[in-house]
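These values consider heavy atoms only, across backbone and side chains, with no hydrogens, waters or symmetry-generated copies. Note that ligands are numbered from 1 as they come in the structure, with each ligand's atoms numbered from 1 the same way.
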Amino acid sequence: MAEDVKSLNFIEHIIEEDLRSGYSKNDLRFRFPPEPNGYLHVGHASSICLNFGLGLKYNAPVNLRFDDTNPAKEEKEYVEAIKADVSWLGFKWDTECYASDYFQQLYDWAVQLIKEGKAYVDSQSSEDIANQKGTPTEPGKASPFRDRSVEENLRLFDGMKNGEFKEGEHVLRAKIDMASSNMLMRDPVMYRILHKAHHRTNTDWCIYPMYDWTHGESDYIEQISHSLCTLEFLPHRELYDWFLDQLVSKNKLRPKQREFARRNLSHTVVSKRKLLQLVASGVVAGWDDPRMPTISGMRRRGFTPESIRNFADTIGIAKRENVVDVSLLEFHVREHLNKIAPRVMAVLNPLKLVITNYEEGKEEWLDAENNPEDEGAGFRKVPFSKELYIEQEDFREEANRKFFRLKLDGEVRLKNGYIIKAESCTKDANGNVIEVQCTYDPKSKSGSGTEESLRKVKGTLHWVSIPHAVTAEVRLYDRLFNDPTPDAHKDRDFMDFVNPDSLEKLTGYLEPSLKEAKVGDQFQFQRMGYFNVDKDSTEDHMVFNRTVTLRDTWAKLEQKD
Ligand code: ATP
Ligand code: MG
């Protein structure tokens, strides 16, 4: 019990407190409220895991609510992508809701506020309104239209709704307090005129409600008990409450807004607007480019829902903003893929190796274990022959004793195969080694049980039989930005920090079992990292993404700098 209490996050503490002070468990209801103006990113994943996690924990419904009040930026394409992303993360929403479904109700309530003298039509320009707002230490000035009669307000608001005015001609404002220390309470705008078609309501409306006049009211309509949002909305809470004060009836549950810190991830940006800029400027190939911190980008890259959820659980939620290192996310990806990804052999920077005492034209199909972490994963066959590829970096003519790979006169074991000894090598005109000649010990075959097969040699290399190899395009990704916090520099644009080398394309040589792999299938290329099959793959041109390396090479590099 004590353990349980200790592990509660501060939002759960608030909920527990509410349960103690009279809320019933049946009152609990949450929502995840994306604006469909872009694709979801890893920051949203945190919010999704928080809200849906609470739903699971308290067995309470969670709505997926589209906050679609700005037709200028919102599209159906984004709605569909958001639904796919939330489902992929493994969560089920109770009801699919749209703020636009509440336009009529919001309008009716606005009319009610006008009738009660709590809202008025302001016919000034947005500049004039802004100029009268005052400063945090100086009160604002009342609009000359603040004391319009109820009749005139009703007539103008009706005209706004009926399309009688141009954009910017009038707005509807709440009549609160032009001297409030909270600037947001100085007669905030509730409606503006926008002659734009909406992706759901089409041209039914040409006035659209503002965020503050939509969000709490949508929460109220859906009877959301705890409306969780990010910290920048803390000053909005007073306004959220003021609007509810005007509407809430006694027998209904009154939602409460509570705030948690936005999640930032290092070496990237988590803002739809900035991600859109990356897409629009062609820095990346689209919203689902595997370098993007979008949920669709991470999915395409090979990150798993489990690893993203585990990452979100580990970082938890905070009251203060901070930057989480992306290597923590990659750690969780590695941890999960280590359990589930079959092992295969693939050579990315090939060096030809010829086994001089192996019979020309002979081939053997060796047993290879699919996943030592998963007993049920079984074995497969990999072909062995006289000519193989190994990685260039696995051979040196000379090396010290710490080099446990192949060097002249040295021995290594070829994974699942034989012990070989490097006898000589051939170089090109520039002195680069282009071929290594070896001999093998025919009695040393892995798993054959002979004394020689049990002999220990220091290094084990992966390899691929040249005549059997499948070639594929292999895409290696690096950080999209060179700087840990690209958008935190006052005088520099985040685009200045784009890493020009974030994508490298190679031709890889893969063991033939990979010919059968399907889009999305995941593998560990032994000693090279985790990879998956990209959607760009075709019948005769396979494309693999490197999801993540086996170890965190980046952390080491940064330490050296
Ligand atoms: P963006 O600036 O990327 O558009 P947003 O907050 O405007 O972000 P919304 O679609 O309005 O995006 O957000 C939906 C929900 O996700 C909100 O509750 C929001 O607070 C939350 N959210 C957005 N970004 C983050 C983040 N980086 N960390 C945690 N929660 C986030
Ligand atoms: Mg937004």
Side-chain angles (χ1 to χ4, degrees), residues 9-11 30-55 62-70 72-75 77-83 85-86 89 91 93 97-100 209-212 214-216 218-219 222 224 226-237 240 255-280 287 292-298 308-309 311-324 326 328-329 485-488 494:
N9 64 43
F10 76 94
I11 296 286
F30 307 96
R31 92 286 173 259
F32 171 65
E35 182 181 355
N37 62 346
Y39 284 65
L40 298 181
H41 51 62
V42 61
H44 293 113
S46 274
S47 175
I48 293 169
C49 291
L50 169 64
N51 284 295
F52 284 93
L54 289 169
V62 185
N63 289 349
L64 175 60
R65 162 152 14 108
F66 292 98
D67 215 339
D68 56 347
T69 55
N70 184 359
K73 291 190 176 155
E74 296 157 4
E75 288 171 35
E77 174 200 344
Y78 297 136
V79 170
E80 295 308 321
I82 288 169
K83 283 161 65 175
D85 286 350
V86 175
L89 275 177
F91 296 110
W93 53 87
C97 304
Y98 293 83
S100 55
M210 304 298 286
Y211 174 87
D212 288 310
T214 311
H215 207 89
S218 305
D219 289 338
E222 293 171 24
I224 302 302
H226 295 82
S227 175
L228 310 174
C229 60
T230 36
L231 268 182
E232 69 272 22
F233 290 101
L234 184 58
H236 294 247
R237 198 206 280 184
Y240 181 99
K256 46 165 84 171
Q257 172 185 305
R258 289 297 178 268
E259 307 81 14
F260 62 98
R262 197 165 261 277
R263 274 296 167 207
N264 299 307
L265 192 64
S266 76
H267 300 93
T268 192
V269 289
V270 280
S271 140
K272 278 179 265 169
R273 184 178 57 78
K274 290 173 189 161
L275 295 173
L276 177 62
Q277 210 177 319
L278 288 168
V279 174
W287 284 99
M292 290 281 271
T294 50
I295 295 180
S296 49
M298 294 191 287
I308 296 171
R309 292 201 306 260
F311 167 69
D313 281 353
T314 305
I315 57 180
I317 56 161
K319 289 185 179 174
R320 253 189 251 148
E321 259 198 53
N322 62 355
V323 179
V324 179
V326 64
L328 184 64
L329 173 56
T485 54
D487 52 0
F494 74 99

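- By the side chain to side chain contact (heavy atoms under 4.5 Å, CB included) test, A99 pairs with D67, D68, T69, T214, S218, sequence neighbours left out.
- The closest approach between F32 and ligand 1 falls below 4.0 Å for a heavy atom of the residue.
- A 4.5 Å side-chain heavy-atom check between V42 and R263 finds every atom pair outside the cut-off.
- In this structure, S266 OG and N322 CG are separated by 11.0 Å, a value rounded to the nearest 0.5 Å.
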Check step by step if ring pair (Phe, Tyr, Trp, His ring centres under 6.0 Å) holds for H215 and Y211.
CA-CA 6 Å; H215 207 89; Y211 174 87; 4.8 Å; yes
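- Ion pairing between E222 and R65 holds under the 4.0 Å rule for side-chain N and carboxylate O.
- Of the N or O atoms in R262, one or more lie within a sub-3.5 Å distance of an N or O in ligand 1.
- Heavy-atom proximity to K272, at under 4.0 Å, picks out these atoms of ligand 1: 1 (P), 3 (O), 4 (O), 9 (P), 10 (O), 12 (O).
- Residue contacts with ligand 1: E232 is placed with no nitrogen or oxygen under 3.5 Å of a nitrogen or oxygen of the ligand (distance criterion only).
- Every side chain to side chain contact (heavy atoms under 4.5 Å, CB included) that R273 has, sequence neighbours left out, goes to S271, Q277.
- Contact annotation: H41 has at least one heavy atom less than 4.0 Å from an atom of ligand 1.
- Considering both main-chain and side-chain atoms, T230 comes within under 3.5 Å of ligand 1 through a nitrogen or oxygen pair.
- Interface of P34 with ligand 1, defined as ligand atoms under 4.0 Å from a residue heavy atom, comprises 10 (O), 14 (C).
- Taking any N or O of R263, backbone or side chain, at least one lies under 3.5 Å from an N or O belonging to ligand 1.
- In terms of polar-atom proximity, E35 is counted as a contact of ligand 1, with an N or O under 3.5 Å from an N or O of the ligand.
- The neighbour count for K274 NZ, taken as heavy atoms of other residues, nucleotides or ligands under 6.0 Å away, is above 12.
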